[in-house]
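Structure, as structure tokens:
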Amino acid sequence: MEATTNHEAFLLSQRCVWVNGPVIVGAGPAGLATAACLREQGVPFIVIERADCIASLWQKRTYDRLKLHLPKQFCQLPRLPFPQEFPEYPSKKQFIQYLQSYTQKFDINPQFNETVHSARFDHTSALWRLKTESSVSGQVVEYVCQWLVVATGENAECVMPEIDGLNEFAGEVLHVSDYKSGERFKGKNVLVVGCGNSGMEVSLDLCNHQASPSMVVRSSVHVLPREIMGKSTFELAVLLMKWLPIWIVDKLMLILSWLVLGSIEKYGLKRPLMGPLELKNTTGKTPVLDIGALSKIKSGEIKVVPGIKKLNKHEVEFINGEKMGIDSVLLATGYRSNVPFWLEEKEFFGKNGFPKTPFPNGWKGKSGLYAVGFTRRGLSGVTSDAIKIAQDIGNVWRQETKQKKKPIACLRRCISHF
């Protein structure tokens, strides 16, 4: 009798839901942009989000001093510009306000606290089946739909590096996703692992709060000024690329950067052999846009140190044999896609969780599968993807609506399979 009761309880905890339109997985900027464009096309949709808010990366996993690294005109989502009173580089708080206004304007109501455990294409019914679980109620839901939009993005999961002795270290170890401010590190020696935009910016923030950061530089890195002669470096590069090949633009960028910043090699920052734009297009590695960290490196307030050999209880030993006492370790080691953990599809997405097809054609797969926000081109890439995806789905939607085709047969197959 007890077994029967448990089985009935399990069945009651599950639901099968037919979605008369696409399911969008992720309520970050990519998912919101796609939803807004679909709303304009008149296509119904559902947005599923594992967190309890929109843009959880921005709201919960970013540091307080963060600002957009690019001018706002390159970061606005489709159909809604930033308010005119916002500065050229909006703050974290302002960007979150913008996203909340965006959600209200386009009447986007994500289903929060739902984690997608699996998504597969059912060849029998020619439909997508997504199984989710609520982190609040524990209820399991299977969504069945014609289109699946993957909008979980490039930064879904923290990258935790393997460092010898990390578990033996007696001080605090923190990923940059949990870092808010350098205030709590005042007077401490902090080892910052990583020299990308996050590593540079948190090192600067630590300096401004009277901490002593040492930044681990394990590989080459391009450091560019955020602005050149009062104009955004990114905007200047975009303008030049309309007329010149990428390798010439790279050369010009490096010459202008040298004129503004001077040589960076003598401070322990070695430039890659490949130019910054070509490197970005080829590997996705973003150049650092300097907002003040380089001057702190030049003055010695931020120390540049080599790769880590191992950590001990209260110190770090570097690969060159030198040792240094430290109080805390801050891991600015980036993020990765989590798509391979839940999407049961191997043709469109690679093992790294990114579409195999290069930009600009990596937004559409087969059987109604789409990807938004995986171009490694920031929010401008998100906008481009969202517009194309919504237009593509909208064209099919209007054609099917015009022909008055209803998915009743598909729905019956769905229920019979459940």
Can Arg226 be said to sit on top of Tyr89's aromatic six-ring, NZ or CZ under 6.0 Å from centre and within 45° of the ring axis? yes
Quick test of your reading of the model: are Glu142 and Arg129 salt-bridged, counting only N-O distances below 4.0 Å? yes
If only side-chain N and O atoms count, and only distance matters, is there a donor-acceptor pair under 3.5 Å linking Asp205 with Tyr179? yes
I'd like to check the side chain to side chain donor-acceptor pair (under 3.5 Å) partners of Asp64; sequence neighbours left out, ordered by chain and number. none
Would you say that Val217 contacts Lys270 through its side chain, given a criterion of any heavy-atom pair below 4.5 Å between the two side chains? no
Within the 3.5 Å criterion, strictly below it, is a donor on Ser203 or Lys296 matched to an acceptor on the partner's side chain? no
Can you give each donor-acceptor pair under 3.5 Å made by side-chain atoms of residues 74-88, sequence neighbours left out, with the distance rounded to 0.1 Å?
unit_1	atom_1	unit_2	atom_2	d
Arg79	NE	Glu40	OE1	2.6

More than 12 heavy atoms from other groups under 6.0 Å of CG on Asp107: yes
Using only atom types and a distance under 3.5 Å, with no angle test, would you say the side chain of Glu201 pairs donor to acceptor with the backbone of Ser198? no
Contacts table for residues 346-353: side-chain donor-acceptor under 3.5 angstrom, sequence neighbours left out:
unit_1	atom_1	unit_2	atom_2	d
Glu347	OE2	Lys366	NZ	2.9
Asn352	OD1	Phe354	N	3.0

Look at the side chain of Asp327 and the backbone N and O of Asn189, then say whether any donor-acceptor pair between them is shorter than 3.5 Å. yes
Before you tell me yes or no, could you show the steps for Glu133 and His117 under side-chain hydrogen bond (donor to acceptor under 3.5 Å, both in side chains), namely the whole-Å CA-CA distance, both residues' side-chain angles and the distance that decides it to 0.1 Å? CA-CA 7 Å; Glu133 183 177 357; His117 287 306; 3.1 Å; yes
Evaluate whether atom NZ of Lys67 has more than 12 neighbouring non-hydrogen atoms of other residues, nucleotides or ligands under 6.0 angstrom away. no
Holding to side chain to side chain donor-acceptor pair (under 3.5 Å), I want the full list of residues that pass it with Tyr98, two or more places apart in sequence or in another chain. none
Heavy atoms of other groups near Glu168 CD, more than 12 under 6.0 Å: no
Just wondering, do Leu191 and Met324 contact through their side chains at under 4.5 Å, heavy atoms? yes
Check residues 253-269 and write down every donor-acceptor pair under 3.5 Å in which the side-chain atom is one partner and the other belongs to a residue at least two apart or another chain.
unit_1	atom_1	unit_2	atom_2	d
Ser257	OG	Met253	O	2.8
Ser263	OG	Glu265	OE1	3.2

Check this for me: Glu183, atom CD, are more than 12 non-hydrogen atoms of other residues, nucleotides or ligands nearer than 6.0 Å? no
Hey, does the side chain of Lys131 reach the backbone of Val140 with a donor-acceptor pair shorter than 3.5 angstrom? no
Partner set under side-chain contact (heavy atoms from CB on, under 4.5 Å) for Glu315, not counting sequence neighbours: Asn312, Lys323
Please lay out, stage by stage, how Thr152 and Trp342 fare under the test side chain to side chain contact (heavy atoms under 4.5 Å, CB included). CA-CA 11 Å; Thr152 47; Trp342 58 269; 4.0 Å; yes
Kindly say whether Pro276 contributes a backbone atom to a donor-acceptor pair with the side chain of Lys285 at under 3.5 angstrom? no
Might you confirm whether atom NZ of Lys93 has over 12 heavy atoms from other residues, nucleotides or ligands at distances under 6.0 Å? no
Do Arg377 and Phe359 meet the cation-pi criteria used here (NZ or CZ under 6.0 Å from the six-membered ring centre, within 45° of the axis)? yes
Heavy-atom neighbours of Lys105 NZ exceed 12 at 6.0 Å: no
Tell me yes or no: between the side chains of Glu114 and Gln139, is some donor less than 3.5 Å from an acceptor? no
Is there side-chain contact between Leu148 and Leu343, with heavy atoms separated by less than 4.5 Å? yes
Please check if the side chain of Thr383 supplies one atom and the backbone of Leu379 the other of a donor-acceptor pair under 3.5 Å. yes
Counting distance only, does the side-chain N/O of Glu49 pair as donor-acceptor with the main-chain N or O of Ala27 below 3.5 Å? yes
Say whether, by atom type as modelled, one donor and one acceptor occur between the side chain of Asp385 and the main chain of Lys388 under 3.5 angstrom. no
When you measure from the side chain of Asp250 to the backbone of Leu277, do you find a donor-acceptor pair of N or O atoms at a distance under 3.5 Å? yes
I'd like to check Leu38 versus Ile24 (side-chain heavy atoms, cut-off strictly below 4.5 Å). Are they in contact? yes
